[in-house]
Amino acid sequence: MASKFTSAIVRLFHDPAERRRLQGPIIEVAIAIIVRDGEILVTRRKEGVHLPGLWEFPGGKRDSGETIRACLLREVKEELGATVEIERLFWERSHDYADRTVILHAYFCRLLSGDLMPLASQELKWIRPDSLLSLPFPEANRPLLEKLAKELSRDSLEKKG
Ligand SMILES: Nc1nc2c([nH]c(=O)n2[C@@H]2O[C@H](COP(=O)(O)OP(=O)(O)OP(=O)(O)O)[C@@H](O)[C@H]2O)c(=O)[nH]1
C-alpha cells in the first residue's frame with residue numbers, strides 16, 4: 001500500500017486542482033545528511049541562485065530518468081568531490097516556494113572517500129545538531145532541522161559518526 005507521503009506526492013503531480021494551486025515547477029531534490037564525529041556537514045549556497053547565501057545540506061535536483069538515490073550520489077560527488085554510501089531515508093516533505101514546489105528527500109549518508117571541497121557552494125562547515133536552528137536555512141528545511149535536533153543526541157550521533 002502507498003505511504004501517506006507517496007499518495008500526497010501523486011496528488012501533487014496529477015490532481016488538476018493541486019496543479020492550479022501551485023506556482024511553477026515541481027522539483028524533486030535529494031539531500032545528504034553526512035555525520036562525522038557528532039557533527040553534520042552543511043554548505044552555504046552561492047549568490048545568484050535560488051535562496052542565495054542560505055545554509056543547506058549538500059544535494060540537488062533529480063535529473064529525468066534518474067532515481068532519487070542515484071541523484072544523491074551524483075550531487076554529492078559534483079558538489080563536494082566525495083563519495084558517500086546511503087544509510088537510510090530520514091525525512092521527506094514537499095514545500096511550496098513562491099516560484100516552485102520542492103519535494104525534499106533527506107538521507108543519512110556515510111562518507112567513504114574524498115577530501116571535501118566546496119565545489120558548488122561558497123563554504124562548508126561541520127555543525128552540532130543542536131546549533132542547526134541558529135543558522136539561516138531555507139524555509140523548507142525547518143521541520144527537518146527540528147527533527148534532527150530532537151532525535152540526534154550527542155551520544156547517538158557519535159555512535160553513527
Ligand atoms: N541542495 C539543497 N537544496 C535545497 C535544500 N532546501 C531547499 O529548499 N532546497 C531547494 O531545492 C532546490 C534544488 O537545489 P539545487 O541545489 O539543485 O538548486 P540549484 O542551486 O542547482 O538551482 P539552479 O540550478 O536553479 O541554480 C533549490 O530550489 C533549493 O533552494 C537543501 O537543504 N539542500
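FYI, side chains are in, hydrogens and waters are out, and symmetry mates aren't considered; it's all heavy atoms of this structure. We count ligands from 1, going down the list as the structure has it; atoms in each ligand are counted the same way.
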What protein heavy atom is closest to [atom], reported as residue, atom name and distance in Å?
| atom | value |
| --- | --- |
| atom 9 (N) of ligand 1 | Leu104 CD2, 4.1 Å |
| atom 31 (C) of ligand 1 | Glu56 CB, 3.6 Å |
| atom 12 (C) of ligand 1 | Val29 CG2, 3.7 Å |

Just which atoms of ligand 1 are under 4.0 Å from any heavy atom in [X]?
| X | value |
| --- | --- |
| Ala140 | 8 (O) |
| Gly59 | 1 (N), 16 (O) |
| Leu51 | 30 (O) |
| Asn141 | 5 (C), 6 (N), 7 (C), 8 (O), 31 (C), 32 (O) |
| Arg100 | 28 (O) |

After noting the C-alpha distance and the side-chain angles of Tyr107 and Arg69, does the key distance pass the side-chain contact (heavy atoms from CB on, under 4.5 Å) rule? CA-CA 9 Å; Tyr107 291 85; Arg69 285 170 172 254; 3.8 Å; yes
Which is closest to [atom] in terms of heavy atoms, [options]?
| atom | options | value |
| --- | --- | --- |
| atom 20 (O) of ligand 1 | Lys61, Arg45, His50 | Arg45 |
| atom 33 (N) of ligand 1 | Tyr97, Phe57, Phe137 | Phe57 |
| atom 10 (C) of ligand 1 | Ile31, Val102, Leu144 | Val102 |

If you count every heavy atom of other residues, nucleotides or ligands that lies below 6.0 Å from Asp115 atom CG, does the total exceed 12? no
Measuring from the heavy atoms of Ile27, does anything fall under 4.0 Å of ligand 1?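 No, Ile27 has no heavy atoms under 4.0 Å from ligand 1.
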Check whether Trp126 forms a cation-pi arrangement with Arg36 (NZ or CZ under 6.0 Å from the six-membered ring centre, at most 45° off the ring normal).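 Positive - Arg36 is close enough to the ring of Trp126 and near enough to its axis.
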Could you check Leu111 against Thr83 for side-chain contact (heavy atoms from CB on, under 4.5 Å), going step by step and ending with a plain yes or no? CA-CA 6 Å; Leu111 213 42; Thr83 307; over 6 Å; no
Quick one: side chain to side chain donor-acceptor pair (under 3.5 Å) partners of Thr101, sequence neighbours excluded? Asp96
Given the rule in the side-chain contact (heavy atoms from CB on, under 4.5 Å) test, do Ile33 and Leu144 qualify, once you have shown the distances and angles that lead to the verdict? CA-CA 10 Å; Ile33 313 290; Leu144 169 58; 4.3 Å; yes
Centroid separation Tyr97 to His95 less than 6.0 Å: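 Close enough - the centres of the two rings lie under 6.0 Å apart.
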Using a strict cut-off of less than 4.0 Å between a Lys/Arg side-chain nitrogen and an Asp/Glu carboxylate oxygen, indicate whether Lys147 and Glu151 qualify as a salt bridge. yes
